[in-house]
Protein chains: 2
Amino acid sequence: MRPVTVYDIAREANVSVATVSRVLNNTAPVKKETRDRIVALMNKHQFQPNALARSLTRKETGMIGFILPDITNPFFPEVLSGFDYEARKLGYTYFLCDTISTNEENQRLYDRQYERESQYLSLLMEKQVDGIVMIGGRVDLAKPDPALAHELEEVAKRVPVLLLNGSLPKTKLNRVAADQKLGAQLAVQHLIDLGHRDIAVIGGFSKMTNTQQRLAGFRTAMKDAGLPVHREWVMTEGFSVEKGQEFTTHLLNAKRRPSAIFCMNDLLAIGALKAAHRAGIAVPEQLSIVGYDDIPQATYCIPELTTVSLLSQETGRQAARTLDKMIAGKKVPFLQTIVPELIIRETTAPYQP
Amino acid sequence: MRPVTVYDIAREANVSVATVSRVLNNTAPVKKETRDRIVALMNKHQFQPNALARSLTRKETGMIGFILPDITNPFFPEVLSGFDYEARKLGYTYFLCDTISTNEENQRLYDRQYERESQYLSLLMEKQVDGIVMIGGRVDLAKPDPALAHELEEVAKRVPVLLLNGSLPKTKLNRVAADQKLGAQLAVQHLIDLGHRDIAVIGGFSKMTNTQQRLAGFRTAMKDAGLPVHREWVMTEGFSVEKGQEFTTHLLNAKRRPSAIFCMNDLLAIGALKAAHRAGIAVPEQLSIVGYDDIPQATYCIPELTTVSLLSQETGRQAARTLDKMIAGKKVPFLQTIVPELIIRETTAPYQP
DNA sequence: TGACAAAATGAAACCCGTTTCATAAAAGGG
DNA sequence: CCCTTTTATGAAACGGGTTTCATTTTGTCA
């Protein structure tokens, strides 16, 4: 059966479609009697306006595109959840655009991510979304490919684009981002306050902005405390549990060991925890570990992770509110900074010689 | 600047919009010369067809609604990721509809979930999605509210609806679902094979179908082995880490302790692990633990969780393929069963008196 | 009761594609 | 070279709403 349209309602109510539309949207006064008749018919037929038709004329869809690299990375659902909360309240629906590739064996491949981002951008434009949020992927590049950056700016001319937790230098796109450097400083300062002097950093990808910033925070904290940074205690290129395990095993097998490890994310920290456990080293008594991101799993480990919270939910909420303002044509600050918090749990303890 | 339309292209190419449309969709032969001219103009102006207008006439949108209870529950991103993989290949975009409520403090509230599901259903209808996938929430109800069930069936009359991992008895809606009972049997049989006789079950919600089925699997396995089920060793109403910890602490404090615990999901198992650790009980030497779901975190714990995999990714993929067929009007089996697998890792060991 | 503003409503254009139907042009067959 | 197909193309309707503009009613106040 064909869905009921405003024409059907209009015919049966002996009015024009214009009047039906007015009742539907409350855009102009309609005589009470007429209105009641129309409303009754709408209920009777369970009339649901066709959003496509509506959006076509209104030139707004209430749809947003949310582009992220990998929904199975637990950090993103947190952000998304905050975004969802506000977006829903503001009347938006959103397309989830995951840019990761997986092969048939469900292994994640990051190689064609940017290509996929581009595909999604143009798909979202066709779908006439009101705005686009991007997190991860190309947004995290310290040196963005000029072509990519240009493409994003072109898109941003047509529809509001908001970047989360990244930067994309040289472009001037609006952003909501946590202060990554400060987060790292907080973490490392905490270790220093506990008496640690031999501190290693593991993880991250050197070409990513956030890695560079966190590393800068690490260096600043060390420098401020007059502590040296050993080259062999800075191990990058990886963000997974496996990598964390690998890095840590390596550190623990060296002749000189750090007494504390600052991990670029919680997954790495979980890996570090596993490596320490396998090596028979007690955490936090013999080795302090600090993570980054405060994913839910940080409290699932034994012991629970001390970590830096980027207030992921809050970031998502902020994003929705900001994007809504941009869509409404209001001015918003170019950069909204989220101030990270150190969450002290169980993986850090005072240094014991 | 106003986006370029087929009319703009047509005017500049000195053809009618019909011809432009034909070039766009390859629906009829167009003289090579003309086609080239039009294609060139499209590229020149970066023409992107308006998907709204297109969908309006075609009566298909390539959009799907994916309704789930809580994206921060790590089980769902897995399913979603599999779904995404196939859906993308098949040319669909999807709206993510999270039905959980959170308050300002980011606490999750499950009380208004069904209400939200209903809202999303009607929103998705308005948006003219081509199909709807539902997982969790109302789908897991062993005794569905008749009104809710009726609503879903009404929706299903207009647009293909596919339920994942649930049942909704008495309705005849298509489903893709793991064999929950078998999964539980696999897990419990494994414990029995290891020599355990004192086995407890924790978690789940008694009004949910999957809980009832898993419980049935537990009972069957026990009965087949001639083992008794102690009432006080069956503890339900909860699915979280905290609950797992609470249940397990309770079990370990009792005068008689089980030697193995079957948990209704991995989160509970992680909680059990934490409780055992706090109580100074070694896993798996003194206590064997089996989880359910095989979420990624199952390998992050120490020791790594033995658990039942529901092949979440595969479920998602299957869902996408099946829904696509339904949309195409092809016949699909009412129920597609996913056969769970037992993943033996480190939290189970032979019974030691 | 007349004058004028406000309320109520309809006709028609518009949004941007797709599709049908009709016509014109080119190609193939005898 | 004429007739029949096939190819190529345009005009116009359509999908389902919104919105402008004009017109008719109704209400209010002097």
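Chain letters run A, B, ... following the sequence lines, proteins first and then strands; every chain starts at 1.
In this structure, B:Leu164 and B:Val139 have side chains that are not in contact, with every pair of non-hydrogen atoms separated by 4.5 Å or more.
Atom CZ of A:Arg22 is separated from atom C1' of C:dA8 by 8 Å (rounded to the nearest Å). A straight line from CD of A:Glu60 to P of D:dG17 spans 16 Å, rounded to a whole angstrom. The nearest whole Å value for the distance from the CG atom in A:Leu52 to the P atom in C:dG17 is 14 Å. The distance between atom CD of A:Glu126 and atom P of C:dC15, rounded to the nearest whole Å, is 20 Å. The distance from atom CZ of A:Arg58 to atom P of D:dT18 is 5 Å, rounded to the nearest whole Å.
With A:Ile9 as reference, A:Val4 is the one residue of A:Val4, A:Leu24, A:Thr19, A:Val17 to meet the side-chain contact (heavy atoms from CB on, under 4.5 Å) rule. The residue from B:Ile67, B:Val79, B:Thr315 that alone fulfils the side-chain contact (heavy atoms from CB on, under 4.5 Å) condition with B:Ile135 is B:Val79.
Residue B:Lys59 places at least one side-chain N or O under 4.0 Å from the OP1 or OP2 atom of D:dG16. A:Thr57 has no side-chain polar atom (N or O) that falls below the 4.0 Å cut-off from OP1 or OP2 of D:dT18.
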Quick one: do B:Asp70 and B:Thr72 satisfy side-chain hydrogen bond (donor to acceptor under 3.5 Å, both in side chains)? Show the steps, please.
CA-CA 5 Å; B:Asp70 179 10; B:Thr72 64; 2.7 Å; yes

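For B:Arg317 and B:Tyr85, the positive end sits near the middle of the six-membered ring, less than 6.0 Å away and at most 45° from its axis.
Residue B:Lys172 places its NZ atom among 12 or fewer non-hydrogen atoms of other residues, nucleotides or ligands, all under 6.0 Å distant.
Remark: side-chain polar atoms of B:Arg138 are paired, donor with acceptor, to backbone N or O of B:Leu148 under 3.5 angstrom.
For B:Arg54 against D:dG15, no side-chain N or O and base N or O form a donor-acceptor pair under 3.5 Å. Applying the 3.5 Å distance criterion, the base of D:dG16 shares no donor-acceptor pair with the side chain of A:Arg2.
The ring of A:Tyr120 has its center no closer than 6.0 angstrom to the ring center of A:Phe95.
Of the residues in residues 5-16 of chain B, those with a non-hydrogen atom less than 4.0 angstrom from any atom of DNA chain C are B:Thr5, B:Val6, B:Tyr7. Across residues 23-46 of chain A, A:Pro29, A:Val30, A:Lys31, A:Thr34 each have a non-hydrogen atom less than 4.0 Å from an atom of DNA chain C (numbered order).
Toward the 5′ end of DNA chain D lies the nearest nucleotide of B:Val17, the other residue of the pair A:Ala53 and B:Val17 mapping further downstream.
Taking a cutoff of 4.0 Å between a charged side-chain nitrogen and a carboxylate oxygen, B:Lys330 and B:Asp324 do not qualify as a salt bridge.
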